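What follows is a short report on a single structure.
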Amino acid sequence: MTIDAWITLAVVVVTVGVLILDRFSPMLVMGGAVISLYVLGVIDQDQLLAGMANESLAIVAALYVLAGAADITGAFEGVTSKILGGATRSRPRGELFRVCGPSAAVSAFIANTPLVAMLAPRVVRWCRRTGRSPSLYLMPLSYAVILGGSMTMIGTSVNLFVNDLIDKAGLGRLSVFAIFGIGFPLTVGCVLLMVLLGPRLLKDRATPGEVLAGTEREFTVEMTIAVNSALAGSTVAEAGLRNLDGVFLVEVERADKVIAAVGPDEPLTAGDRLVFVGNLARVLDLQRMSGLISAEARHFDDLARNPQRQFVEAVIGAGSPLIGTSLKASGFRRRYGSAVVAIHRASEQLKGKLGDVRLRAGDVLLVLAGPDFHQRYREHRDFAVVSPLNQDRPIRREHARTVELAIAALIVLAGTGLLDLLQVSLLIAFGLIVARIVTLRDARRFIDANVLLLMATSFGLGMAVEQSGLAASLANLVVNSAAPLGDYGLLAAVLAATMLVTEVISNTAAAALMFPIAIAVAEQAGADPMPFAVVVIFGATLSFLTPIGYQTNTMVWAMGGYRYTDFARLGALLTLFVLVATPVLVPVFFPFH
């Protein structure tokens, strides 16, 4: 090997080692590696900065904005609520399929990381409402989204990244659905394996923040069945409102008639006022439930149009003029520019309409407020304490349909080739911001800068591996060891190596490292390089053995209360299936010669 190859090998070994130790940010480690290669003369200035000008970064950033818009507007939430179902228990395998199947389908068109960021909290809220354990669903959700992302070239940031590498290698850019014939059977096979064996292999883990029943403050909250709500016409049980976990349906009011003992077969109609009692987390979940709207906040149009609205806890102070009066009599909405959606009173369950409750000192109000409420009233005599609940902002449902149409337009325009993916993704993201569905602050919050910088720095590492001669040397080792098994063996070897590397370092870094090696293997074997390039996509994306191999696994790791080894218990089976099936499927659509 050349001196540059030895230098590159040393940098790669150190980089992988530091990434495995997990002491520093992957973006920081990769940046240090590329800068080292530049300072040592292995790559030049143009190669160092090549990643910054890559179109995949802009596409991923735009897709982050679109996925974030779907989250804050509750787009498709009605669909996900119907898919997940209500509190009624069904067979575990049926429930797993309802989580995994649709998630895999959607992830073919929305980047994996923001999609899991959008879906995982919904699954957790569904589990909390219905008494299920999130640990039985979150890991399969992550795996299903990873698998679904392998069906199209826009499903993951890695696919876009490798597509750029393929284009720069002179092989031509792959179309959106070029890998569907490979990804679809892999997805179906792995989802079926999870559905069939998941209930036996997954363990019920306690999630962070779980508390014993009865130890949290109980709030009384009023919700109304919205006009055209999917809940109208169904019974309490069919709507999933009967056996909610942590929150209880106390009464239903309809046309001045109060139904105190609400049975499971009680029919619901549009305009019904439902009174629930439950802890804060469950009350906030109700605010996000499709088909229900806050009885107090529904007429507050100015607040409904404010994209910066938030939930705030406000404790009524001892000298507050609100004491002894009601929300209606005090003109709370007009007076404070906010709406009370729930009230907590120590050691007492409130009765009657929230608007008519006589307030007392110490009552805790859950307030839907504008962004300046905390600043204006935190030291005001009316309230003893004002505390924003920044972790759970209200849903902006008024824009949900627009976002749903935007996502559909992206799929149609990019999938049919009417517009380039870069063009349509930037156009839609920019349109959402101009229409003020997404604010600039929201857009900055949605975009994961670490992922973009990691992608940019990974280009430099891949170039160093290729141009230093290291890729050719490593490819020679692979060819010599796997040649007796033929082309299938070479593909399997490249796939296995890529899957192994992506379990210990980031998937983008693994793709950058393995792509030039895969191309060199094809050249030395005298085969078409495209099958080997395509297999890198699947090897770098399909990570099931560890919680650090793919960012969506890391996201659900803590949310589900999993142990490190839990991932390998289910993931080993999926990994084996992928290792066997992928080298068979790839040559069908991308022949060796």
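The basis for the numbers below is simple: all heavy atoms, side chains too, and nothing from hydrogens, waters or symmetry mates. The structure displayed is predicted, hence computed values, not measured ones. Index from 1, following the sequence.
The backbone N or O of Ala108 lies less than 3.5 Å from a partner atom in the side chain of Thr152, making a donor-acceptor pair. With hydrogens and angles disregarded, a donor-acceptor distance shorter than 3.5 Å links the side chain of Tyr562 to the backbone of Met139. The backbone N or O of Ser133 sits nowhere less than 3.5 Å from a side-chain atom of Ser135 that would complete a donor-acceptor pair.
Residues that satisfy the side chain to side chain donor-acceptor pair (under 3.5 Å) test with Thr156, not counting sequence neighbours, are Asn159.
One finds the CZ atom of Phe383 at 10.5 Å from the CZ atom of Arg376 (value rounded to the nearest 0.5 Å). Note that CD of Gln423 is 10.5 Å distant from CG of Leu413, once rounded to the nearest 0.5 Å. The distance from the CG atom of Leu66 to the OG atom of Ser425 is 9.0 Å, given to the nearest 0.5 Å. A distance of 6.5 Å separates CD1 in Ile537 from CG in Asn163, rounded to the nearest 0.5 Å.
Tested against Leu202, the residues Leu570, Asp566, Leu138 include a single side chain to side chain contact (heavy atoms under 4.5 Å, CB included) partner, Leu570. Looking at Asp272, Val275, Leu292 one by one, the single match for side chain to side chain contact (heavy atoms under 4.5 Å, CB included) with Met223 turns out to be Leu292. Screening Leu405, Leu410, Val403 for a side chain to side chain contact (heavy atoms under 4.5 Å, CB included) with Ile407, the sole residue that qualifies is Val403.
When the shell of 6.0 Å around CZ of Arg401 is examined, it contains 12 or fewer heavy atoms from other residues, nucleotides or ligands.
When every heavy atom of Val162 is checked against every heavy atom of Ala511, the shortest pair comes out as CG2-CB, 3.8 Å.
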Give every donor-acceptor pair under 3.5 Å between a side-chain atom in residues 177-195 and any protein atom, sequence neighbours left out.
unit_1, atom_1, unit_2, atom_2, d
Thr187, OG1, Leu147, O, 3.0
Thr187, OG1, Gly183, O, 2.7

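Side-chain contact between Val312 and Tyr377 is absent, with no heavy-atom pair separated by less than 4.5 Å. Counting heavy atoms from C-beta outward, Thr498 and Phe515 have side chains that stay 4.5 Å or more apart.
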